[in-house]
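Keep in mind the model is a prediction, meaning the values are calculated, not measured.
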Amino acid sequence: MATRVSGALLALLACAAAATACGPAAPTTTAKPVATATRSSATATTAAPVQPTRPADTATPLRVATTATVAVVKNRPVPVLAPPPPNPRAQQGGTFRWLAEAASSDRTIWSSANGTTLQTAVLAYGSLLDRNEFEPNKGDQIIASLAYDWWTDQSGTLWTFKLRENVKFTDGVEMTCKDVKFSLETIRDGRDAKGSELSASPRRSWLGRMKEVQCPDNYTAVLRTDGPMPSIIPTLAVSSFAIMPQHIFEGKLEKMLNQVGPGQGPFMQTLDVPGEILKYGRNPNYWNQPYPYLSEFHYSNLGSVTAVRAAYRVGRGERGSLTKAVRDQMEKEGKLTVLNMGAAHGFVPWHANWLRQPWGDKRFSLAMRCTIDGAKYISTVADGEGYEVPMFPMADQPGGSPWSLTLEEWMAIGPCYGPTAKTDMTKRREIARALLKELGFGPDNPARPRAMERKGSENRYAAIEADLREVGILPTVEFFDVAGAYSKAQAGDWDIGTPAGFVTSRLDPDHWYGEHFHSTSDRNYGKYVNAEVDALIDQQSRTLDKEKRYKIIKQLDIILLRDNAKIIVATNADIQHTPSWVNDIYWGQPSNSQNTSAKFERVWIDAAKMKQVLGQ
């Protein structure tokens, strides 16, 4: 079992377990850069604290005796870090053009799991906390945003957040604690206090253990959990947990489908042509000046990967897709900057609809696992850029997780587990045929499930289908656009397949397990239900001792892999790149839409460099 963890998580576990006060140094009058911690270091605790709006709130010692026998304890198990200072080289102005292959189906944040939907809305809103995606390789650090300070009590069940004053939505109404309460409780419940319902709430499980939000005053929010909950801080640093205006959306949650804002984020929407283009302009009253640097952000639907690649290659956009060969060539020519490479927080999945028999029989899922060749998929479909993993990338792989199984533990599950190069595909397919025979299938009676896939993923499906046919599984397939694929998945009208990739923040195990595998999750599309899994997810969520938590997580991984709750064909290699005139953009993981970088707050364009590269 790998034991490497991020500095922030180590601090959280250590402080919470000891019930001691871990806080930043005394506030200073000048903001300082955050510490130069990497994902594997624990030096983040040396970073400068946030300068609070009202210094008296944090000038109080962390332990103050209010009587002879009662002490007030402020535990800060993850350091309260300030964002880095503005870049003195940054230029104001310019437009960031996001080139997309598909249109955004709606404008929701809370109810969508679709990256294109999230990407077109999160930059208009703020969240209580953010991740440090202002600097390279610091995405594990959690920094202040709408909340400038926070702490928990000695029991770890009351989490207090101090909110910035004078943060206004773009309609001029000030954001207060009531907006925080409305937002977080609506995400958790899938409905608001007036009975209005979200179409879905894919991240409700992340807040399932939050019992309520209390508002002692307009600028203080207190979250009460049903026990210690170390995941609450990384949860609130995910942009999907945007704080929405109660006065606009309460009782009218359906308005979120088509309306962006009023928000309090760095940008505000200026144009929406459904299916074609969305435009955002700079929010002139953004609380965090001098950001944003960009004047505009455009999201354009070009209709296909081919069109996106052609436009991106000739400099008609700042975000797009390229083949490996073209990307390498453009980097050599100085036209492209490749920022880094890591294992994304998503994977290429394939799974059964567990409510449909015989496809929901565990033997059928194991047969699919045994015949699907992950290494072949990576080499033929993903340009060789991907990884075979157990549940998470292993410690020695890019983006490796501290709670991953080891290679030996993964392979010990059975002959169909482990990297393809270390297993016998001939033997695996013999096992698959034997399992199918037990289910009544054979050469004269092949299995004919109905498969579901998303348009644009035809090559992915073709690779998987070829493997299935090797053992006598002959699916018929339907392809749907992005919105249709998710609707079809939720409706359960399919036998095998996947609506799309699955990208979820992996900052804490609660996120991954709760969203993908808990029986109550809206993203558990196959309706996999296992009471033991649900209990273990809850148990690890409440376990503060890191070694004990790892043991529970190991149990979870083995059960989920053994059952093939979702067959992980491959984990994506996340190749992050941008034209060389774009600066200070550091996509974290996942690098689609659930993270701080999607707000484009700090990104700026070097106009002279752009003209030089494009020969203008």
Exercise. What do you reckon, is CZ of Arg313 surrounded by more than 12 foreign heavy atoms closer than 6.0 Å?
Worked result: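 No - once you tally the heavy atoms of other residues, nucleotides and ligands closer than 6.0 Å, there are 12 at most.
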
Does [X] pair with [Y] as a salt bridge, N-O distance under 4.0 Å?
{"X": "Asp495", "Y": "Arg356", "result": "yes"}
{"X": "Glu453", "Y": "Arg460", "result": "yes"}
{"X": "Asp522", "Y": "Arg203", "result": "no"}
{"X": "Asp493", "Y": "Lys488", "result": "yes"}
{"X": "Glu478", "Y": "Arg450", "result": "yes"}
{"X": "Lys181", "Y": "Glu250", "result": "no"}
{"X": "Arg542", "Y": "Asp226", "result": "yes"}
{"X": "Glu601", "Y": "Lys599", "result": "no"}

Would a line drawn from the ring center of [X] to the ring center of [Y] be shorter than 6.0 Å?
{"X": "Trp512", "Y": "Phe517", "result": "no"}
{"X": "His577", "Y": "Tyr312", "result": "yes"}
{"X": "Trp110", "Y": "Phe182", "result": "yes"}
{"X": "Phe297", "Y": "Tyr299", "result": "no"}
{"X": "Trp206", "Y": "His518", "result": "no"}

For this session: Indicate the atoms forming the closest heavy-atom contact of Asp179 with Gln246, along with that distance.
Result: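 Reported closest heavy-atom pair: OD1-N, 2.8 Å.
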
Exercise. Given Tyr219, which of Arg164, Lys162, Glu174 fulfils the side-chain hydrogen bond (donor to acceptor under 3.5 Å, both in side chains) condition?
Worked result: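 The side-chain hydrogen bond (donor to acceptor under 3.5 Å, both in side chains) with Tyr219 is passed solely by Glu174 among Arg164, Lys162, Glu174.
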
For this session: Please say which of Asn564, Asn353, Asp563 ends up in a side-chain hydrogen bond (donor to acceptor under 3.5 Å, both in side chains) with Tyr528.
Result: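 Option passing the side-chain hydrogen bond (donor to acceptor under 3.5 Å, both in side chains) with Tyr528: Asp563.
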
Exercise. Hey, mind stepping through Ile232 and Arg209 against side chain to side chain contact (heavy atoms under 4.5 Å, CB included) and telling me if it holds?
Worked result: CA-CA 9 Å; Ile232 193 69; Arg209 295 187 48 228; over 6 Å; no

Problem set entry | Flag, side chain of Arg188 to backbone of Met210, donor-acceptor distance under 3.5 Å |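 A pair under 3.5 Å: yes.
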
Exercise. Can any side-chain N or O of Arg191 pair as donor or acceptor with the backbone N or O of Thr186 at less than 3.5 Å?
Worked result: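 Absent.
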
Exercise. Do Asn530 and Ser519 come close enough that some side-chain heavy atom pair is under 4.5 Å?
Worked result: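 No - every pair of side-chain heavy atoms lies 4.5 Å or more apart.
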
For this session: Step by step, work out the side chain to side chain contact (heavy atoms under 4.5 Å, CB included) result for Ser196 and Glu254.
Result: CA-CA 8 Å; Ser196 183; Glu254 71 281 355; 3.8 Å; yes

For this session: Start with the C-alpha gap between Val173 and His247, add the side-chain angles, then the distance that decides, and say whether side chain to side chain contact (heavy atoms under 4.5 Å, CB included) holds.
Result: CA-CA 9 Å; Val173 176; His247 67 282; 3.6 Å; yes

Exercise. What distance do Ile248 atom CD1 and Asp171 atom CG have between them, rounded to the nearest 0.5 Å?
Worked result: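 Rounded to the nearest 0.5 Å, the CD1-CG separation comes to 5.0 Å.
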
For this session: State the CG-CZ distance between Leu278 and Arg107, to the nearest 0.5 angstrom.
Result: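 Reported value, rounded in 0.5 Å steps: 4.0 Å.
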
